[in-house]
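Here's the structure we're looking at; comments come further down.
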Amino acid sequence: MAIPAEDRWAPVRDRPAPHAGDRAPLVWLLGAHGGAGVSTLEQMLAPAADANGCWPGVHEGESPFVVVVARETLEGLAGAHELLRQHHGGHAGPSTLLGLITCADRPGRAALEIRRYRRIIDELVPAGGRWRIGWQPAWPVTRRAELPVWEPASCYPARGRDPLAAVRPLGHQLLGAVTAVTATTDHLLSSGKTA
């Protein structure tokens, strides 16, 4: 696996990452390119925040957990591929990669070229960390601040369509991925082994 040239690397933060809200995020969303969908997902997933194009340096107890986000275009997947290769090459600081979220670029099934490229880069993604958000026709015509927010305790609607249907399973799966990694690390530490 070829590691991208150093001038193509996303930087590793040398100080705590800025974030909106009153508490630090559990998961950082690292966009592979502009327009990947990070801002929308940051708004809709309460435990997540925009990494602003940088790998977290994990300063002052901040979370090491990162998910790469890309739009389902060749350019988007190429950007994700570079970030994943950077991480696998050991040039992403002390971060822990949870996976890759791709966001549909259009309604319907992704083009064959996109599906093929996704299969190639999926080899660099942890098992269980491959997520896809299908096309959401309401999102482009809704102001970001008006999008619903998923929290772990978010209730299902009593009736009607669930406005969080596209992100609710993703939110639970992200929390499950963090729990699994933390449990594995705790087990290794208690047994005297290293990860």
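Keep in mind that this is a model prediction, so the values were computed, not measured.
- With sequence neighbours excluded, the residues forming a side chain to side chain donor-acceptor pair (under 3.5 Å) with Gln86 are Trp55, listed by chain and number.
- A donor-acceptor pair is defined here as one N or O able to donate and one able to accept, closer than 3.5 Å; no such pair exists between the side chain of Glu82 and the backbone of Trp9.
- When atom types are taken as modelled, the side chain of Arg168 and the backbone of Cys155 share a donor-acceptor pair closer than 3.5 angstrom.
- Scanning all heavy atoms of the two residues, the minimum distance from Ala32 to Leu83 falls at CA-CD1, 3.6 Å.
- Partners of Asp105 by side chain to side chain donor-acceptor pair (under 3.5 Å), not counting sequence neighbours: none found.
- A distance-only check finds a donor-acceptor pair linking the side chain of His59 to the backbone of Arg13 [under 3.5 Å].
- Neither Tyr117 nor Leu112 shares a network with the other; the hydrophobic side chains, linked directly or stepwise wherever heavy atoms of I, L, V, M, F, W or Y lie under 4.5 Å apart, form separate groups for each.
- Applying the ring pair (Phe, Tyr, Trp, His ring centres under 6.0 Å) definition to pairs two or more places apart or across chains, those involving residues 136-158 are Trp150-His172.
- Across every non-hydrogen atom of Ala166 and Ile133, the tightest pair is O-CD1, 3.3 Å.
- No donor-acceptor contact under 3.5 angstrom links the side chains of Arg71 and Thr102, judged on distance only.
- A salt bridge links Arg132 with Glu72; the closest basic N to acidic carboxylate O contact falls under 4.0 Å.
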> Passes side chain to side chain contact (heavy atoms under 4.5 Å, CB included), Leu164 versus Ser154? Steps please.
Replying inline: CA-CA 9 Å; Leu164 294 169; Ser154 292; 4.1 Å; yes

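- Val181 is listed as a side-chain neighbour of Phe65, based on a closest heavy-atom distance under 4.5 Å.
- In plain terms, the two heavy atoms of Ser63 and Val27 that are nearest each other are OG-N, 4.3 Å.
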